[in-house]
Protein chains: 4
Amino acid sequence: MSEHEDRQLVGAFPYVPQQKRAQQKRNSLLESGRELFIKNGYEPTTAKEIATHAGVAIGTFYRYFSDKRQLLLSLLQNQLDKMLPPEPKWVMANPERFLASILESHFKQLEQIGLHQVLPELIIRDPELAEVLIQSRKNWHARILTGLQQAKEKGLTWPDLELEMVAWSILVILENIPKKEKESGLKTDCVELAKIICRMVFPPKGMTP
Amino acid sequence: MSEHEDRQLVGAFPYVPQQKRAQQKRNSLLESGRELFIKNGYEPTTAKEIATHAGVAIGTFYRYFSDKRQLLLSLLQNQLDKMLPPEPKWVMANPERFLASILESHFKQLEQIGLHQVLPELIIRDPELAEVLIQSRKNWHARILTGLQQAKEKGLTWPDLELEMVAWSILVILENIPKKEKESGLKTDCVELAKIICRMVFPPKGMTP
Amino acid sequence: MSEHEDRQLVGAFPYVPQQKRAQQKRNSLLESGRELFIKNGYEPTTAKEIATHAGVAIGTFYRYFSDKRQLLLSLLQNQLDKMLPPEPKWVMANPERFLASILESHFKQLEQIGLHQVLPELIIRDPELAEVLIQSRKNWHARILTGLQQAKEKGLTWPDLELEMVAWSILVILENIPKKEKESGLKTDCVELAKIICRMVFPPKGMTP
Amino acid sequence: MSEHEDRQLVGAFPYVPQQKRAQQKRNSLLESGRELFIKNGYEPTTAKEIATHAGVAIGTFYRYFSDKRQLLLSLLQNQLDKMLPPEPKWVMANPERFLASILESHFKQLEQIGLHQVLPELIIRDPELAEVLIQSRKNWHARILTGLQQAKEKGLTWPDLELEMVAWSILVILENIPKKEKESGLKTDCVELAKIICRMVFPPKGMTP
DNA sequence: TATGAATGAGGATTCATTCAT
DNA sequence: TATGAATGAATCCTCATTCAT
């Protein structure tokens with residue numbers, strides 16, 4: 001039943017089609033929504049636009065989604081799934097490798113990050129959605145935190161490390177890289193970035209902490 | 001002529017009233033706009049709402065602002081002015097003190113930060129406005145960068161410090177603190193934060209770099 | 001494909017419906033517009049009024065017309081087509097018969113003349129529209145002129161006839177008859193009118209020019 | 001009391017100032033109204049515009065005129081006065097001279113004709129005003145008619161002349177000359193025009209009617 | 001008198017949503 | 001199922017008019 005894999009969990013959807021043809025139509029709407037939300041923002045994008053872009057009639061839009069918001073939620077559902085961490089194990093020997101993996105998995109999801117641009121607009125208006133997003137961030141945060149804790153327990157980090165705050169700092173930096181790249185137009189040098197972050201966490205090699 | 005002091009410069013707008021009474025009304029509209037934008041977001045806030053909240057008729061709104069966007073720009077004009085840096089001198093002896101001053105000046109502007117919540121919504125739709133905001137960020141960034149450069153020239157920092165990226169990291173962290181506080185409900189411990197940041201920049205005291 | 005016959009060409013408007021039902025609705029709007037424009041004038045007539053009069057919602061109005069002006073243009077498009085001349089051949093033997101035909105075809109278009117009442121209001125504000133109307137008049141003028149020329153070449157007219165100006169005079173007289181009838185409430189005596197006009201053009205029967 | 005000469009007769013005016021200064025202000029408003037009505041039409045011209053153009057505040061506008069319509073009426077009152085006929089006596093010996101005088105007096109009032117452009121817009125909406133204008137036309141018509149009658153009584157015209165209709169035709173031609181000149185950009189040749197008109201009225205010289 | 005700030009009714013237009021075909 | 005016509009609430013904005021200064 002692999003067709004049901006991404007069945008939506010948020011809200012009660014009017015209809016998740018069983019037939020392949022219909023599935024395609026639904027996906028086409030999702031994809032159109034994603035593109036238009038990213039390009040024009042959430043509010044300014046109309047249901048009609050999405051339908052037209054997807055090559056279906058407006059009535060069809062409302063067959064698959066109760067409204068614009070629900071399409072967005074489905075989209076996020078999909079994306080948040082993709083955001084699930086690729087086993088973020090903090091490898092003690094070479095912490096920078098850990099960061100590399102996080103950065104890698106993060107940047108490979110550039111499209112999904114596109115949606116991130118849209119979210120701030122929504123968080124204010126949609127507390128339910130905000131909650132979902134905050135949870136997602138908390139997961140990220142927790143994963144980073146866990147890694148740090150393990151490293152700390154092994155005596156690898158600064159002994160007085162404020163785990164919470166460092167984890168948060170790392171999270172914030174990672175989150176904002178796409179924005180930085182977009183504004184500057186330059187690709188970020190991951191090695192340098194990892195070095196910087198590691199200095200927050202680990203004392204210099206030659207120094208006994 | 002103190003009445004003219006904060007005359008607005010944003011746009012070529014119809015009217016900035018000369019009379020005290022009218023000035024008050026205009027400010028009242030600005031303040032109402034700020035509150036509602038922060039509370040409900042930009043798009044969902046209507047001109048009528050702002051007028052009603054300010055206790056004036058809708059016509060009065062349009063007397064002072066060509067539209068909602070103009071009001072927002074005026075608001076930002078005010079706020080961005082307030083963001084001008086309070087003598088951002090990087091005091092070599094005690095770098096954490098420098099951070100303290102930045103953090104301090106930053107947190108004292110909590111209201112302005114409120115507006116920041118609104119901005120992402122706008123950046124997609126309003127490239128002109130986006131430009132203004134990006135400029136403002138660049139100023140912040142430049143100021144932090146300058147401080148770091150001076151410190152580096154004095155041999156105080158890690159010798160291989162990637163100035164640009166460190167400055168950007170610091171900026172991002174500072175920018176996101178209000179959001180963090182809002183989400184977690186906790187006040188940030190500035191001392192800890194300063195310590196973390198300093199580790200990105202300076203080698204440990206006892207260590208000759 | 002008779003459904004496509006009277007597809008509108010004015011402007012690039014959203015939608016000319018393919019379905020019969022919708023066509024009817026569109027025509028109903030056109031007719032309502034015509035009536036209200038004639039009765040109340042162009043400016044004072046609102047889109048809402050037209051929609052209500054046509055028995056549809058305001059949204060439906062904007063489905064078929066981008067705005068009031070567009071509706072008017074469509075209306076004129078229809079009417080100007082109807083104004084195309086019914087073979088305006090100047091029959092040499094009996095010039096008054098020629099006039100009769102013009103007058104006849106002119107008076108049979110009383111509804112279209114209704115719209116003429118509306119036009120002066122628009123010409124000032126809408127140069128594009130004014131151009132269309134002036135062209136239409138020029139056509140009329142040209143047709144009258146051609147007839148006169150033929151008559152002149154055959155030696156039927158006053159030899160020193162100022163063709164241009166006579167044609168213009170006839171045009172003006174014809175154009176204003178509806179107004180005259182409206183103001184006086186009396187039907188115009190076409191025979192008398194024809195006689196008067198013919199005296200401008202032709203020397204008396206018994207007189208060799 | 002020559003200052004009172006053009007005291008308004010239409011409606012009850014809020015205020016006709018006695019003082020010279022105020023009179024100037026009032027005239028300035030009238031003149032501004034005239035210019036703007038002619039340039040932009042009646043409806044689209046706002047009271048504010050008129051006031052600004054006249055260099056006074058909007059409140060002042062309403063001191064002198066109850067509203068836009070009343071300003072227009074005052075304007076027409078002035079103009080209609082100017083339209084009073086310069087003793088239109090039909091000189092039997094040379095009828096073309098008569099026409100010359102009419103045409104002359106008519107073309108000397110080109111500015112007033114400017115207002116004529118505005119009237120059609122109003123007639124539909126303002127029956128009271130329409131009445132005034134129709135009366136004015138009737139006066140013109142009556143004057144032309146009288147001249148023709150005298151000529152007819154003297155046996156100068158076609159014996160079967162339809163006085164009413166000829167008078168009307170002449171009126172219509174005269175009325176439309178400014179429009180013609182505006183559209184074609186050419187000055188009308190009065191002599192030719194007079195010739196044409198005379199042929200409607202008088203039999204050829206050599207011919208005993 | 002003159003000013004111009006304030007008012008708010010009213011017109012234009014959009015778009016989410018429904019429903020008959 | 002798919003369509004797209006129809007709806008009308010909601011928003012934007014203007015402008016005639018009033019009234020406190």
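Every chain is numbered from 1 and lettered A, B, ... according to where its sequence line falls, protein lines coming before strand lines.
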Could you tell me which nucleotide pairs with F:dC13 by Watson-Crick or G-U wobble geometry, both distances under 3.5 Å, or answer none if nothing does?
-> E:dG10
Rounded to the nearest angstrom, tell me the gap between atom CZ in C:F65 and atom C1' in F:dA6.
-> 15 Å
Would you indicate what B:T60 reaches in the nucleic acid, counting non-hydrogen atoms under 4.0 angstrom: base, sugar-phosphate, or nothing?
-> base
Find the distance C:L29:CG to E:dA12:P and express it as a whole number of Å.
-> 14 Å
Pairing nucleotide - E:dC19, Watson-Crick or G-U, each distance under 3.5 Å | F:dG4
Atom CG of C:L36 and atom C1' of E:dG11: how far apart are they, to the nearest Å?
-> 15 Å
Starting at CZ of C:R26 and ending at P of F:dG4, how long is that distance when rounded to a whole Å?
-> 18 Å
Separation of F:dA16 C1' from D:E49 CD (nearest whole Å) = 13 Å
Figure out the NZ/C1' separation between B:K48 and F:dT11, and round it to whole Å.
-> 11 Å
Between atom NZ of C:K39 and atom CG of C:L36, what is the distance when rounded to the nearest 0.5 Å?
-> 6.0 Å
Gap between atom CG of C:L76 and atom CZ of C:R34 - 0.5 Å precision | 11.5 Å
Short side-chain N/O contact to E:dA6 OP1/OP2 from B:Y64, under 4.0 Å = yes
Please assess A:T52 against A:K48 for the test side chain to side chain contact (heavy atoms under 4.5 Å, CB included), listing each intermediate value before the final yes or no.
-> CA-CA 6 Å; A:T52 302; A:K48 181 89 198 306; 4.1 Å; yes
Between A:Y62 and E:dT17, is there a side-chain N or O to OP1/OP2 distance below 4.0 Å?
-> yes
Options E:dT13, E:dA16, E:dT1, nucleotide nearest the side-chain atoms of A:K68 | E:dA16
Comparing nearest nucleotides in DNA chain E, the 5'-proximal residue of the pair A:A47, D:F61 is D:F61
Just how far, in rounded Å, is P of E:dT17 from CG of A:L71?
-> 12 Å
Salt bridge C:E128-C:R69, side-chain N to carboxylate O under 4.0 Å = yes
Is it true that D:R26 and D:E31 have a side-chain N and a carboxylate O under 4.0 angstrom from each other?
-> no
Pairwise 5' ranking along DNA chain E for C:I58 and B:G59, keeping only the more 5' one = B:G59
In whole angstroms, the gap separating P of E:dG11 from CD1 of C:I50 amounts to 12 Å
